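Computed from a predicted model, the values in this text were never measured in an experiment.
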Amino acid sequence: MRHGLWASWLLLGLSWALAQRIIPLNYPGSETERAFLSGNGQVVVTTYNRGGVHYPIVWRSETGWQFLRADGGLTHDYREALSGGAMNISFDGSVVVGTGQQGPFRWRLGRGLEYLPLPPGARLVGMLDVAADGQVVAGQLFIPEGGRARSAIVRWHTDGQIELIPELRGTNLTALSADGRAIVGDDTERFYFGQPFRWIEGRGVEYLPGFSGGTALAVSADGRVVAGEGTAASLSRQGAWRWVEGEGLEWLFPAGISVSAVTVMSWDGTILGGFYFPPGAYSSLFRWREGVGVEDLNEVYGWLLRGRWQSLHDISSDGRYWLGSGGGYGLFLLDTVPEVSSVWVLVGGLGLFGGWRWGGRRRQGQG
């Protein structure tokens with residue numbers, strides 16, 4: 001009996017170790033700016049700084065790090081590379097958006113560089129985001145208006161046409177949904193402490209209820225789920241929250257934790273990630289799962305890390321891959337889901353163990 005228990009625990013431990021793993025990305029730079037993960041979890045893009053000149057750079061498991069070329073190719077030589085900064089990436093990693101020498105751009109693998117047109121006198125001031133298929137890009141601009149520069153949110157479509165969204169004048173963009181039809185952010189022009197909003201194509205802008213201030217920082221693929229940070233209208237709660245259309249607002253942490261925020265979300269809105277400050281401790285990172293609640297990533301995955309997980313950059317569309325930095329690895333990917341091979345190791349091992357136990361009992365019975 002004792003040997004059987006030890007064998008079971010050994011097989012379970014082996015399967016668990018094989019299932020969840022850290023993938024070091026061996027980033028070549030000394031500093032890592034904000035990095036982005038493709039929806040399929042296979043491509044990473046960030047901005048490489050060499051002597052004060054910035055270059056978008058992508059990672060793939062089969063090729064490692066490569067720079068973008070203006071003709072749509074990839075190169076290991078920065079002297080052949082497109083200069084600028086990366087701001088996001090499409091689902092399959094074939095489209096990168098960012099800013100270059102002539103303003104905002106969309107780069108397509110195998111097709112090349114396209115600079116996105118701006119209204120007269122406008123300039124990009126916020127982030128850029130891109131839909132899953134790379135066809136729609138959203139950005140925040142400053143546009144001259146009445147002797148002053150006023151914030152505006154625009155979308156560029158596949159034909160390069162720019163769409164100025166009238167309802168979103170004076171607001172700030174934080175995220176575009178994967179389907180390209182929903183935008184979230186905050187309004188600090190009309191609300192002193194900011195107000196989270198959601199805009200959906202064909203429906204207009206909606207200010208989310210229940211806040212005295214805050215911002216929306218993440219949105220599901222269809223725009224139905226929104227998350228971010230803020231303060232309740234009653235002032236009784238603050239920090240990370242999740243709002244679901246038709247269900248309402250949920251605060252993720254108890255009242256004793258006042259500083260927290262959701263920064264990333266799976267496409268179905270059931271997995272969230274972000275940062276928080278535990279009472280009397282340094283900041284840490286968390287994962288929230290529907291039906292499970294909050295988990296501290298440094299506690300759950302501490303056994304895989306060689307130091308403290310410091311920054312959470314992005315997650316894949318299904319919430320399987322997490323892009324982070326720190327942990328003794330620099331920039332890394334965490335794979336949180338068992339591989340098929342790992343499951344078969346467990347099943348096969350338990351099958352062999354079961355056969356061994358059954359055979360032993362049979363021999364005892366024959367004896």
Side-chain angles (χ1 to χ4, degrees), residues 21 23 25-27 33-48 55-76 81-82 84-100 104-116 127-139 155-160 175-183 218-223 264-271 273 312-324 331-337 339-340:
R21 61 195 176 113
I23 305 170
L25 302 188
N26 301 314
Y27 180 66
E33 299 194 26
R34 173 74 189 273
F36 303 91
L37 180 63
S38 62
N40 63 9
Q42 302 303 304
V43 187
V44 175
V45 65
T46 186
T47 302
Y48 177 75
Y55 304 91
I57 187 171
V58 297
W59 175 91
R60 290 175 170 82
S61 60
E62 62 273 16
T63 59
W65 291 98
Q66 292 180 295
F67 298 100
L68 311 185
R69 293 191 346 189
D71 62 2
L74 297 167
T75 178
H76 291 287
L82 166 71
M87 288 191 168
N88 226 307
I89 191 169
S90 64
F91 175 81
D92 63 0
S94 65
V95 179
V96 173
V97 295
T99 56
F105 69 77
R106 171 169 40 197
W107 176 91
R108 294 182 173 117
L109 181 64
R111 296 180 60 180
L113 176 67
E114 166 199 6
Y115 279 104
L116 303 172
M127 62 167 293
L128 289 175
D129 205 347
V130 62
D133 60 6
Q135 299 300 305
V136 178
V137 179
R155 292 191 302 174
W156 291 273
H157 298 274
T158 184
D159 58 1
L176 172 72
S177 62
D179 66 6
R181 300 185 66 249
I183 290 172
V219 62
S220 61
D222 59 1
V264 296
M265 178 189 294
S266 63
W267 282 10
D268 64 2
T270 62
I271 302 174
L312 173 60
H313 295 276
D314 210 347
I315 63 174
S316 60
S317 61
D318 58 2
R320 171 176 176 169
Y321 294 99
W322 292 62
L323 176 61
L331 196 62
F332 67 86
L333 273 179
L334 167 67
D335 184 355
T336 66
V337 176
E339 297 283 358
V340 174

How close do [X] and [Y] get, counting heavy atoms only, and between which atoms?
X    : Y    : value
A138 : I183 : CB-CD1, 4.3 Å
V136 : D133 : N-OD1, 4.3 Å
A218 : A175 : CA-CB, 4.4 Å
G223 : A182 : CA-CB, 3.9 Å
A221 : D179 : O-CG, 3.1 Å
S316 : G39  : CB-O, 3.5 Å

When you compare the side chain of [Y] with that of [X], does any pair of heavy atoms fall below 4.5 Å?
X    : Y    : answer
L109 : V95  : no
S61  : W59  : yes
Y27  : I57  : yes
L323 : L331 : yes
L37  : H313 : no
L128 : W156 : yes
R60  : Q42  : no

Whether [X] side chain and [Y] backbone form a donor-acceptor pair below 3.5 Å:
X    : Y    : answer
R181 : D222 : no
S220 : G269 : no
R106 : G134 : yes
S38  : V43  : yes
T99  : P104 : no
S266 : D318 : no

How long is the gap from [atom1] on [X] to [atom2] on [Y], to the nearest 0.5 Å?
X    : Y    : atom1 : atom2 : result
D314 : M265 : CG    : CE    : 12.5 Å
M87  : F105 : CE    : CZ    : 9.0 Å
N26  : I23  : CG    : CD1   : 11.5 Å
E33  : T46  : CD    : OG1   : 6.0 Å

Original post:
Out of V58, L74, L25, which one pairs with W65 under the side-chain contact (heavy atoms from CB on, under 4.5 Å) rule?
Top reply: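 For W65, the side-chain contact (heavy atoms from CB on, under 4.5 Å) check succeeds only for L25.
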**OP:** Sort and list the pairs that fulfil side chain to side chain donor-acceptor pair (under 3.5 Å) and have at least one residue in residues 85-98, not counting sequence neighbours.
**Re:** N88-D129, S90-D92, D92-S94
Subject >> Set of residues satisfying salt bridge (Lys or Arg N to Asp or Glu O under 4.0 Å) with respect to R108, sequence neighbours excluded >> reply: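 Expected list: E114.
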Subject >> salt bridge (Lys or Arg N to Asp or Glu O under 4.0 Å) involving D71 - partner list, sequence neighbours excluded >> reply: R69
**OP:** Could you list the residues that satisfy ring-ring contact (aromatic ring centres under 6.0 Å, His included) with Y55, not counting sequence neighbours?
**Re:** F67, Y78
Original post:
In chain order, what residues pass the ring-ring contact (aromatic ring centres under 6.0 Å, His included) check against F91, with sequence neighbours excluded?
Top reply: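 Expected list: W267.
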**OP:** Using the test side-chain hydrogen bond (donor to acceptor under 3.5 Å, both in side chains), find all partners of S317 that sit at least two apart in sequence or belong to another chain.
**Re:**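 Testing S317 for side-chain hydrogen bond (donor to acceptor under 3.5 Å, both in side chains), a comparison that skips the adjacent residues, returns none.
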**OP:** Check the pair Q66, T75 against side chain to side chain contact (heavy atoms under 4.5 Å, CB included), reporting the backbone distance first and the verdict last.
**Re:** CA-CA 5 Å; Q66 292 180 295; T75 178; over 6 Å; no
